[in-house]
Protein chains: 2
Amino acid sequence: MVVSKRPSIKDVAARAGVSMATVSRVLSGDYPVSAQTRERVEKAVRELDYVVNAHARALHGVTAKVVALVVAEVTTPFFARIAAGVEEMASQTHRLCLICTTHADPDRELEVVRLMREQRADAVILAGGVVENDDYRERMRQYAKGLEDAGSCLVLCARPSLGPDFPGITVDYENTGGAHAAVTHLLTAGHRRILMIAGPDRLTTSDHRVTGYRSALAGYGVPFDPALVSHGPWDREGGYRRMRAILDQGTLDFTGIFAGNDGVAAGVLEALREDGKRVPEDFSLVGYDDTPSARDFDPPLTSVLVPQEELGRTAVKLATQRSSGSRREHVMLGTHLVVRKSVRPLH
Amino acid sequence: MVVSKRPSIKDVAARAGVSMATVSRVLSGDYPVSAQTRERVEKAVRELDYVVNAHARALHGVTAKVVALVVAEVTTPFFARIAAGVEEMASQTHRLCLICTTHADPDRELEVVRLMREQRADAVILAGGVVENDDYRERMRQYAKGLEDAGSCLVLCARPSLGPDFPGITVDYENTGGAHAAVTHLLTAGHRRILMIAGPDRLTTSDHRVTGYRSALAGYGVPFDPALVSHGPWDREGGYRRMRAILDQGTLDFTGIFAGNDGVAAGVLEALREDGKRVPEDFSLVGYDDTPSARDFDPPLTSVLVPQEELGRTAVKLATQRSSGSRREHVMLGTHLVVRKSVRPLH
DNA sequence: CTGTTAGCGCGTTCAT
DNA sequence: ATGAACGCGCTAACAG
């Protein structure tokens, strides 16, 4: 079998009857070449269907720009929309967008970051909540330093900053503030016993939402009751299971429910419906993330809007603007409550 | 300012007091090296925080494998889930996953495919429906041929095959069949006047669903009424607007509605609700795609499940299994109706 | 086991 | 305006 090797610049040169250098000049464009030879070269390129080798080219610093997004997984809307923002800004600035998943495995994360360094990515964006222990902080510091040394840049996206001296960029959002607003909305409506179906304990994203929940309570002088907060998986299934259990137990007293995110809210709603409970007549419910589907809920779900795409866009923008002095920024994006029909005043 | 250039293999060799070749050997692993030198080299690597240059390495065929997914956009769940499948299978087979968007612009598409050739991607996956004109067919043929010549591979995903002699792979799904099943479901429930809020005219994905609609009608001996089919943008907004217009007009007679996809169904539902019409009491509704949010609809939406992630996974799998003989396959994945609560028998 | 040599495909000097 | 030669960082072939 004939393995038709792909043509190199040498083949083009031979066919056009010129030197490799000339071909290179025609291809890069920014150099005077006689119309005559240019035409000959272009013809040869066409006939051979030649494309330059990005790798060979990269050896001379003429590298195709690349930004890499690293997330635990891409299926959930939250990450999908961050990815969309990253991709959008990347292609706008003529960069390739590489997407990798770690499945929350630190080993895979390490592996992926190394891979991105090998690829000479301009920026590596780590997105999503984390358990912020010492091990994590040290790992991030290493990544950031390694990337910075290599002229690249680590971006922490949708997760907390690691301090002003952290050698990387952080793009976070008003997570606590959003939760505060959501719970205050319930409080304003007269609710005092507010259940919170939160995410996993110690996960920053979830913890900050609990913090906002508590501060809102405090703002109204409502004592915090730990029994009202449930930690667990924050997907639809997790919401359903925990709401189911609480209803079955039947001992908890509450009128408002704050779901850790919209997925949880969907599960909560399903469990409620099973028991013939109605929202907002029997219980008021608020979600978080303002997933596009929130408005299709029954009833349309009041939720906290997180600017996921903007987070992604900003991450790329900050990382790639070449003011190397500002490669240690910390940006905080706003959130706000989108009021729909799932909360009603308690009489 | 001191630009700390990243260390090369030469620096490592110097620091470890060995030759570059030796460093290369301990790095690649699969070669006998004395424990002693190995240790020295590893120490130097650590101290310098050295990582190989993937581009230089690629010049020797030792390339990090890459698959590229090219879609119009990544925000819609449909594409996000295909992307998830592609990413999953890519990382499983130790490949990088590159995601690019074209915004349905042929020029950008051409540009992106060329870029992928430059990057020496193992496979380029073009996903999503298209307007299948001669221009399109010719373009695909060119892409496929170019990619095949370069040892790579073009995959058409979630769109029709271009014939048995097409030099690429196709991974499509039973689009027409799914529509047939959906409409048959309505027919079985006694509905005869079935409105179809379809997608854009001439777009394969939408057209095939209309084809299924017609064949189901034919199967029941119900004459096709063109007035019942509306073409337009197939997002929530498009669904809302067109349903709104039809209701305002008030001249059309129907009891069942087949939405081109779940986004359209959401819009249809909203317009219906505005007028106090209820589903399924007043109208029966079926969607398409079985977006995760379909079950959160009011009522939970009966919809056609499209195995988006499986489409993505299969595309990568077929493209990367090295049986170069089978690089012209055509695979068709199944769809099926997920029955929920949005259809009821017509008395 | 290890060092030396030769290229991979390309851009970039230097000449011409 | 064009060509020859060198080197980017690395691996592979060949010696030792």
Side-chain angles (χ1 to χ4, degrees), chain A residues 3-42 44-45 48-64 114-115 117-121 149-152, chain B residues 3-42 44-45 48-64 114-115 117-121 149-152:
Chain A
V3 180
S4 67
K5 260 195 51 60
R6 43 183 144 245
S8 86
I9 197 171
K10 191 184 289 179
D11 304 311
V12 178
R15 178 174 262 265
V18 298
S19 75
M20 291 165 47
T22 303
V23 177
S24 174
R25 281 163 189 143
V26 172
L27 261 41
S28 51
D30 52 2
Y31 205 89
V33 173
S34 82
Q36 182 98 205
T37 28
R38 166 176 304 269
E39 182 46 50
R40 294 235 309 282
V41 170
E42 279 169 351
V45 167
L48 261 35
D49 196 16
Y50 166 81
V51 295
V52 296
N53 184 327
H55 298 304
R57 182 176 257 178
L59 244 33
H60 295 271
V62 189
T63 118
R114 205 178 51 76
L115 215 56
R117 283 227 272 157
E118 294 182 3
Q119 300 292 326
R120 301 301 187 249
D149 286 350
S152 181
Chain B
V3 181
S4 66
K5 263 197 49 62
R6 45 183 143 244
S8 85
I9 197 171
K10 192 184 289 178
D11 304 313
V12 178
R15 178 174 261 264
V18 298
S19 74
M20 289 166 46
T22 304
V23 176
S24 174
R25 280 164 191 143
V26 321
L27 259 41
S28 53
D30 52 1
Y31 205 89
V33 174
S34 84
Q36 182 119 182
T37 27
R38 165 177 304 269
E39 182 47 49
R40 293 234 309 282
V41 169
E42 279 169 350
V45 166
L48 262 33
D49 196 17
Y50 165 81
V51 294
V52 296
N53 184 327
H55 298 304
R57 184 176 258 179
L59 243 34
H60 296 269
V62 190
T63 120
R114 205 178 51 76
L115 215 55
R117 284 227 270 157
E118 293 184 3
Q119 300 292 327
R120 302 300 189 249
D149 285 350
S152 181

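We name chains A, B, ... by the order of the sequence lines, and we start the count at 1 in each one. Computed from a prediction, not measured in an experiment: that's the story for all the values here.
Spacing between atom CG of Asp11(A) and atom P of dG9(C) amounts to 8 Å, rounded to whole angstrom units. In this structure, CZ of Arg117(B) is placed 16 Å from C1' of dG9(C), rounded to the nearest angstrom. Straight-line distance from the CD1 atom of Ile9(A) to the C1' atom of dG11(C): 8 Å, rounded to whole Å. Going from atom CZ of Arg40(A) over to atom P of dA1(D) covers 16 Å, rounded to whole Å. Distance CG (Leu27(B)) to C1' (dT11(D)): 11 Å, rounded to an integer number of Å. In this structure, the CD atom of Glu118(B) is 10 Å from the P atom of dC10(C), given to the nearest Å. Atom pair Asn53(B):CG and dT11(D):P shows a separation of 10 Å (rounding to whole Å applied). Taking atom CE of residue Met20(A) and atom P of nucleotide dT2(D), one finds them 17 Å apart after rounding to whole Å.
For Ala21(A), the side-chain atoms get nearest to dG3(D) when compared with the rest of dC1(C), dC10(C), dG3(D). Proximity note for Val33(B) (side chain, C-beta onward) versus dC10(D), dT2(C), dC8(C): the nearest is dT2(C). Which of dC10(C), dA4(D), dC10(D) sits closest to the side chain of Val52(B) comes down to dC10(D).
Residues Val52(A) and Ile9(A) are not in side-chain contact: their nearest non-hydrogen atoms beyond the backbone lie 4.5 Å or more apart. Val12(B) places none of its side-chain heavy atoms less than 4.5 Å from the side chain of Leu27(B).
Side-chain N/O atoms of Arg57(B) include one lying less than 4.0 angstrom from OP1 or OP2 on dT11(D). Residue Ser24(B) has a polar side-chain atom (N or O) positioned under 4.0 Å from OP1 or OP2 of dT11(D). Between Thr37(B) and the phosphate of dT2(C), there is a side-chain N or O to OP1/OP2 separation shorter than 4.0 Å. One finds no side-chain N or O of Thr22(B) lying less than 4.0 angstrom from the OP1 or OP2 phosphate oxygen of dT2(C). An OP1 or OP2 oxygen of dT2(C) is reached within less than 4.0 angstrom by a side-chain nitrogen or oxygen of Ser34(B).
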Derivation of the side chain to side chain contact (heavy atoms under 4.5 Å, CB included) call for Val18(B) and Arg25(B): CA-CA 11 Å; Val18(B) 298; Arg25(B) 280 164 191 143; over 6 Å; no
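Expressed to the nearest 0.5 Å, how far CZ of Arg117(B) lies from CZ of Arg6(A) amounts to 9.5 Å. Taking CZ of Arg114(A) as the reference point, atom CD of Gln119(A) lies at 10.5 Å (rounded to 0.5 Å).
Evaluation of atom-type donor-acceptor distances gives no pair under 3.5 Å for the side chain of Arg6(B) against the base of dG9(D). Under 3.5 Å, the side chain of His60(A) and the base of dG7(D) form at least one donor-acceptor pair of N or O atoms.
Each of Leu59(B) and Tyr31(B) has a nearest nucleotide on DNA chain D; the 5'-most of these lies closest to Leu59(B).
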